[in-house]
Amino acid sequence: MNSVKRLLRAALAGSAGLLAACGATLPADTPVSVVPRPESVIEGAGSFHLTADTRVSLPADAEGFDAAAEALDEALRPCFEAPLPRAGTPPARNAIRFERCDTLPAEAYRLEVTPAGIDIRAGDAAGAFYAVQTLRQLLPVDALNPGRRIRAVEIPAVAIDDRPALAYRGMMLDVARHFFSVEEVKRTLDLLALHKMNVFHWHLTDDQGWRIEINRYPDLTRIGSIRHRTLIGRDPGGEYDADCRYDETPYGGCYTQAEIREVVAYAVRRFITVIPEIEFPGHAVAALASYPWLSCTGEQYEVRQTWDIDDRVFCPGRETTFEFMEGVLEEVMELFPSTYIHIGGDECPTKMWEQCPQCRARMRREGISEPRGLQGYATARIERFLQQHGRHLIGWDEILEGGVTPTAIVMSWRGSEGGIRAARQGNRVVMSPTTHCYFDYYQTPDTQSEPLAWGGCLPVEQVYALDPYAGLTPGEQGYVLGVQANLWTEYIPDFSQAQYMLLPRLSALAEVGWSLDRKDFADYRQRVERLARRYDALGYRYASHLFQAPEPEGHR
Ligand code: ACM
Ligand code: ZN
């Protein structure tokens, strides 16, 4: 090779190397589109070029803001090799400056992007975290999954002011019917964080499986976490005959206390409260199979293999039942810092109690006239116990029927009526009606084209239409803490299907919880389509009916 050629080749190699080192700039994704809808978005001129050299400054006196900066690092991990460098004092240029702002309320934030940098002001660390979640949606979609290191990410200039409408923005996951691994639970928490939701209600026990390790009662997981087989297809509702087929495969799973702690810590870094649910006094067969002395008859049961409501429930006549529940709850309270502890309370038949000498004796002693009153007695006792430990009882709306104390929190699921009644009598309420919040329902009326689901039909439009204040005076509305989506998993075979049932409906509920006073379905529809591209980039599965259907009349 002559010297000219050699020089040319060296120069080309050099520039190629330089190009590789520089990488590409990902252009800004415009116009700005954020779900849930922020309070105010004012687009500016120009953009900010975020690079691996962009420095992050954190306020010295603001506890928890580091979790927000960590979330930013995590969001940018696909783009840059290392977390963004930290700066002691806020740099004037090429920086992301977090600042605490005492005039902003909890969870609120102001996010300002200019060509000189990004300013995040928040009233508390949660607000800073939500600003980062918004910033994630300002990144070009390709930044979520670029497949290569890049030089710069362009972010459009904008000023966003934002705050949530409701304090409680939750989602429940049933891990009893289908068990989700710790990794899957964490991915669910990631989804909640992405949508600025802040409560993960973990349904840990039911007839078909007990999923939380309790040291004092090891058989709960040794025996109660495994069912010997599972019904295939739709449950015929108590009519189990020769036509019913079972998979004849043992099914189980449980979380060790170390794993529970790991999940709670993961949630804390994402400003999500984990509310554990220990079902009582119904939905108890897995517990009774583990310890037969917990039931009215003392019979040995098997962990349930079918889905509908079971008559076999805890015996509230026996003192040992309360000793057991208190022992379980003591360990639960050790694991979960949440002030709310969910004790279920739904769908509890009284059939066993009616025939049980201990239950009848309890009714006589306590002056209880109807068997249903035993549930009120049992709930009130557990509530007192929780209060002695500084916690609040939360339960499904059936707890109202047994006569509930004013301090209990009611989760309204059989429509909103229970929640309305509870708010009127001064109980705090979470609205989670089947009509708008049951994500185990089909997403379209065309159920033939959908994977097997519980039934019903809950299109995303209907989730979006939820008004948790409907039927309440302004004074009563003050008792509504917020809203919650529920994912029951009788017919959810895997995490992929769980995602499909959650998305995009979760985004619609997030917008109810965060942006209630500024909901606009036509506007949401356009933004969620953009959000779906992010679901794609993040590898989440979702239902795309909303994007295929012609736009509803009158929405433009
Ligand atoms: C429920 O759906 N049984 C609360
Ligand atoms: Zn009994």
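Both ligands and their constituent atoms are indexed starting at 1 by order of listing. All heavy atoms count here, side chains included; hydrogens, waters and symmetry mates do not.
Listed for the E511 side chain is no donor-acceptor partner under 3.5 Å among the backbone atoms of A508. Side-chain atoms of S225 do not come within 3.5 Å of backbone N or O of R222 as any donor-acceptor pair. Of the possible donor and acceptor atoms, one in the side chain of S290 sits under 3.5 Å from a partner among the backbone N and O of D219.
Using a 3.5 Å distance cut-off with no hydrogens or angles, the side chains of Y491 and D235 do not pair a donor with an acceptor.
Taking atom 2 (O) of ligand 1 as the reference point, the nearest protein heavy-atom neighbour is Y438 OH, 2.6 Å. Protein heavy atom nearest atom 3 (N) of ligand 1, with residue, atom name and distance: D346 OD2, 2.7 Å.
With the Zn ion (ligand 2) as the vertex, SG (C296) and SG (C356) define an angle of 110°, rounded to 10°. The SG atom of C315, the Zn ion (ligand 2) and the SG atom of C359 define an angle of 110° (nearest 10 degrees).
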Checklist entry - Under the ring pair (Phe, Tyr, Trp, His ring centres under 6.0 Å) criterion, do H195 and W514 qualify, and how do the steps go? => result CA-CA 9 Å; H195 294 90; W514 189 276; over 10 Å; no
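The pair D247-R229 does not meet the salt-bridge criterion, since no charged nitrogen lies less than 4.0 angstrom from a carboxylate oxygen.
Considering backbone and side-chain atoms alike, W396 places every N or O at 3.5 Å or more from each N or O of ligand 1.
Remark: ligand 1 atoms within the under-4.0 Å shell around heavy atoms of W488 are 1 (C), 2 (O), 4 (C).
Contacts of E347 with ligand 1, taken as heavy-atom pairs under 4.0 Å, involve the side chain alone.
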